[in-house]
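Below is one structure, written out as structure tokens; the observations come after it.
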Amino acid sequence: MIGLDAVGIAAATLPGAVAVHHAFDRSEATRWRNAGFWAIFATLLGAGPWLPDLLNGCLVLAMVGLATWGLRPAPVASSDDAARAGSAGRIGNRLFVPALALPVLTLAGTLLIPDGRIAGMSLIDPKQVTLVAMVAGAFVALLLAMRLTRPPRSAPVGEARRLVDAIGWAMVLPQMLAALGGVFAMAGVGKVVADGVVNVVALDTPLAATIAYCVGMALFTIVMGNAFAAFPIMTAGIGLPIVIRQFGGDPAVVAALGMLSGFCGTLMTPMAANFNIVPAVVLELRDRFGVIRVQWPTAILLLAFNIAVLALCAFPKG
Amino acid sequence: MLVLSGIAIIVIGFLVGVNPLLVVTVAALASAAAAGHGPVEVVALIGKAFVEGRFLAVVWLALPMVGLLERAGLRERARGIVQGLRRATTGRVLLGYLVLRQITAALGLTSLGGHVPMVRPIVAPMAEGAEARDERDSLDRETRDHIRAHAAAVDNIGLFFGEDVFIAIGSILLIRAILEQEGIVVAPLSVAVWAIPTAIAAFVIHGTRLMLLDRRLKARRA
């Protein structure tokens, strides 16, 4: 059955190909460092599930070591402005077809094969249908792009390396932060934060409890980078015992706005790397916090809005 | 309290500008040590969690396709389309994407978007093109970065405050599971309904900010 392991192997092809491309680039001073970094990443993605945890951990540390030492990739030759303008004029709006094919195919796969059965055979792990569809969509979109643009044979890997090098260590960061989340959970960081919120404010009115719950959700999400990690702990610590049980808040309203308050936190934290740090790198911003800087005013206003809705709508009248 | 040392390390490390991978690794080791776990145990845990998160790497598979299309002038084309629209401004282009992202996410179509497949190759060039109407690269780097940051932000805000309106999304499943452990059963729809006011507020608040962005860009041009 096609599941997470197969998805990992497919994902490993990209850093694997980039590692080989670096290894053959004799012009590059740091080629073995670069090749090593991407080869380790590919190994972890593709072979990780079959290796001992400790070995995987050591590979992660080696990867961090290489990144800290400095990857400093050499630039890859791409097309120049004139060539791009010429081909944009020639191919026209068909250029959007492969780009849009990826999301459309991902969606089609998710909707058409919801239980992972194709022609009655259960081929795909039902929990991973979207990921499998995304992998298939990416390969189909790449083939479409190759047919449409007719690039030289070396271009697909060369262009991939150009973008991968531009993104660099940030490609690995979301997974590192997820690992850190696991360590924080093991170390009980969550409980310390939840207790802190409870101890700092007097929760003697519905409004105070509401503020503590929503602000706590945002704060905890800022720390963990993930509203899903914050929700169970904050809800068990404040939401359920105080907002719902003590003051009679409607559970559906409390939980919905608590989660949305967590999302406000997600907009303000570098710990949510794949939403805030990775795009800053993907878009080649000089300021790593550039995305957070434009998001925080919206996040703060929405948090205040959530608190108001929760305080006004969740509690029995009179 | 010592377990919070990891958070302190993260904050300081990110602010000082040390390589984030190193910061995260040191923070993990410090937090685990404070909680009384040995280095071998922590390294194994990091390895296990890193491998478990390998699905996060799937999004990068779009890169070869995006690279090829960029090579063939996708960004220039996206720019050109917007420059052909007389009334297009940066704020309006981004507002359009915000509407699209929120509505599709609310219908459960969360994968129609994203920073790698949509924002870098299409949305950001359009937003930049609306500002840099005449000469090709007339945007100074600060303005360009600011517009790009807004393009990334619109994707996030549209996604976060659209998707919770859809009843089958992960966060609603998590909410139901957590409440059910406590013997409270809620219907998915009754949770999703309460995401609608915030979805509207997100649109109004962020939409207003995008219109203000237009005004600021105009003032900067003058």
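This is a predicted model, so every value here is computed, not measured.
Heavy atoms closer than 4.5 Å to chain B are found in the side chain of R245(A), but not in its backbone. If you measure heavy-atom distances from V11(B) to chain A, you find no contacts under 4.5 Å at all. At a 4.5 Å heavy-atom cutoff, A177(B) makes no contact with chain A through either its backbone or its side chain. Only the side chain of M271(A) comes within contact range of chain B, with heavy atoms under 4.5 Å apart. Using a 4.5 Å cut-off between heavy atoms, L44(A) contacts chain B through both its backbone and its side chain. Using a 4.5 Å cut-off between heavy atoms, V253(A) contacts chain B through both its backbone and its side chain. Heavy-atom distances place both the backbone and the side chain of L74(B) under 4.5 Å from chain A. If you measure heavy-atom distances from R141(B) to chain A, the contacts under 4.5 Å come from both the backbone and the side chain. With a 4.5 Å cut-off on non-hydrogen atoms, L22(B) touches chain A through its backbone and its side chain both. Contact annotation for R288(A): only side-chain heavy atoms (C-beta onward) come within less than 4.5 Å of a heavy atom of chain B. Heavy atoms closer than 4.5 Å to chain A are found in both the backbone and the side chain of H150(B). Contact of T130(A) with chain B is not made at all, since no heavy-atom distance falls under 4.5 Å. Within the 4.5 angstrom heavy-atom criterion, no atom of P121(B) approaches chain A. With a 4.5 Å cut-off on non-hydrogen atoms, L4(A) touches chain B through its backbone and its side chain both. Of the atoms belonging to E284(A), heavy atoms from both backbone and side chain fall under 4.5 Å from chain B. Within the 4.5 angstrom heavy-atom criterion, no atom of A280(A) approaches chain B. For V189(A), the parts lying near chain B are the backbone and the side chain together; criterion is any non-hydrogen pair under 4.5 Å. Of the two parts of F228(A), the backbone and the side chain both hold a non-hydrogen atom closer than 4.5 Å to a non-hydrogen atom of chain B. When heavy atoms are compared at a cutoff of 4.5 Å, E70(B) approaches chain A by way of both its backbone and its side chain. Only the side chain of L159(B) has a heavy atom closer than 4.5 Å to any heavy atom of chain A. In this structure, chain A has heavy atoms under 4.5 Å from both the backbone and the side chain of I175(B). Looking at A124(B), only its side chain comes within 4.5 Å of chain A, counting heavy atoms on both sides. When heavy atoms are compared at a cutoff of 4.5 Å, V172(A) approaches chain B by way of both its backbone and its side chain. Residue contact with chain B, scored on non-hydrogen atoms closer than 4.5 Å, involves the side chain of I167(A) exclusively. Only the side chain of I10(B) comes within contact range of chain A, with heavy atoms under 4.5 Å apart. If you measure heavy-atom distances from L179(B) to chain A, the contacts under 4.5 Å come from the side chain alone. With a 4.5 angstrom heavy-atom cutoff, I81(B) touches chain A only via side-chain atoms. For a residue to count as touching a neighbouring chain, one of its non-hydrogen atoms must lie under 4.5 Å from one of that chain's; by this rule M176(A) touches chain B with backbone and side chain alike.
Using modelled atom types and a 3.5 Å distance limit, the side chains of N306(A) and T198(B) yield a donor-acceptor pair. Defined by atom type and a distance below 3.5 Å, a donor-acceptor pair is present between the side-chain atoms of T298(A) and R209(B).
With respect to chain B, the highest number of heavy-atom pairs below 4.5 Å among F184(A), F275(A), F139(A) belongs to F275(A). By number of non-hydrogen pairs under 4.5 angstrom with chain B, the leading residue of G137(A), C264(A), P270(A), P297(A) is P297(A). Of all the listed residues (S171(B), A62(B), A32(B)), the one sharing the greatest number of non-hydrogen pairs under 4.5 Å with chain A is S171(B). Taking chain B as the reference chain and counting heavy-atom pairs below 4.5 Å, the highest number among A12(A), G46(A), A67(A), G290(A) is found for A67(A). Counting heavy-atom pairs under 4.5 Å between each of T106(A), D250(A), L173(A) and chain B puts L173(A) at the top. Chain B forms the most heavy-atom pairs under 4.5 Å with one residue out of G8(A), A170(A), G92(A), and that residue is G92(A). In terms of heavy-atom pairs under 4.5 Å with chain A, the best-connected choice from A49(B), A153(B), A35(B), A187(B) is A153(B). The most heavy-atom pairs under 4.5 Å with chain B, out of A178(A), G182(A), A141(A), come from A141(A).
Between G67(B) and R162(A) the shortest heavy-atom distance is O-NH2, 3.6 Å. Listed here is the closest heavy atom pair of V294(A) and A149(B): CG2-O, 3.6 Å. Across all their heavy atoms, V282(A) and H115(B) have their closest contact at CG1-O, 4.2 Å.
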Inset, instruction - Please report the C-alpha distance between N156(B) and L267(A) in whole Å, then the side-chain angles of each, then the deciding distance to 0.1 Å, and finally whether the side-chain contact (heavy atoms from CB on, under 4.5 Å) criterion is met. - result: CA-CA 8 Å; N156(B) 287 335; L267(A) 294 174; 3.9 Å; yes
Inset, instruction - Could you check D5(A) against R54(B) for salt bridge (Lys or Arg N to Asp or Glu O under 4.0 Å), going step by step and ending with a plain yes or no? - result: CA-CA 9 Å; D5(A) 290 342; R54(B) 63 197 184 283; 2.5 Å; yes
Inset, instruction - Show your reasoning for whether side-chain contact (heavy atoms from CB on, under 4.5 Å) applies to L163(A) and W60(B). - result: CA-CA 10 Å; L163(A) 294 183; W60(B) 305 121; over 6 Å; no
Inset, instruction - Carefully, step by step, assess C58(A) and V43(B) under the rule side-chain contact (heavy atoms from CB on, under 4.5 Å). - result: CA-CA 7 Å; C58(A) 292; V43(B) 171; 4.2 Å; yes
Inset, instruction - Kindly determine whether I244(A) and E182(B) satisfy side-chain contact (heavy atoms from CB on, under 4.5 Å), including the steps that lead there. - result: CA-CA 11 Å; I244(A) 294 176; E182(B) 300 292 322; over 6 Å; no
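Among L63(B), L68(B), L61(B), the single residue meeting the side-chain contact (heavy atoms from CB on, under 4.5 Å) criterion with L142(A) is L68(B). When V254(A), L310(A), V309(A) are each tested for a side-chain contact (heavy atoms from CB on, under 4.5 Å) with W194(B), only one passes: V309(A).
Applying the salt bridge (charged side-chain N to carboxylate O under 4.0 Å, His left out) rule to E163(B) yields no partners; only residues at least two apart in sequence or on another chain are considered.
Of the charged side-chain nitrogens involved, none lies within less than 4.0 Å of a carboxylate oxygen, so that R293(A) and D145(B) do not count as a salt-bridged pair. With salt bridges taken as basic N to acidic carboxylate O contacts below 4.0 Å, none links E142(B) and R286(A).
The aromatic rings of F289(A) and F14(B) sit tilted, their planes meeting at an angle between 30° and 60°.
Between L69(B) atom CG and M146(A) atom CE the span is 12.0 Å, to the nearest 0.5 Å.
In this structure, the side chains of L100(A) and M118(B) come closer than 4.5 Å at one or more pairs of heavy atoms.
Sorted by first and then second residue, the salt bridge (charged side-chain N to carboxylate O under 4.0 Å, His left out) pairs involving residues 36-51 of chain B (not counting sequence neighbours) are K48(B)-E52(B).
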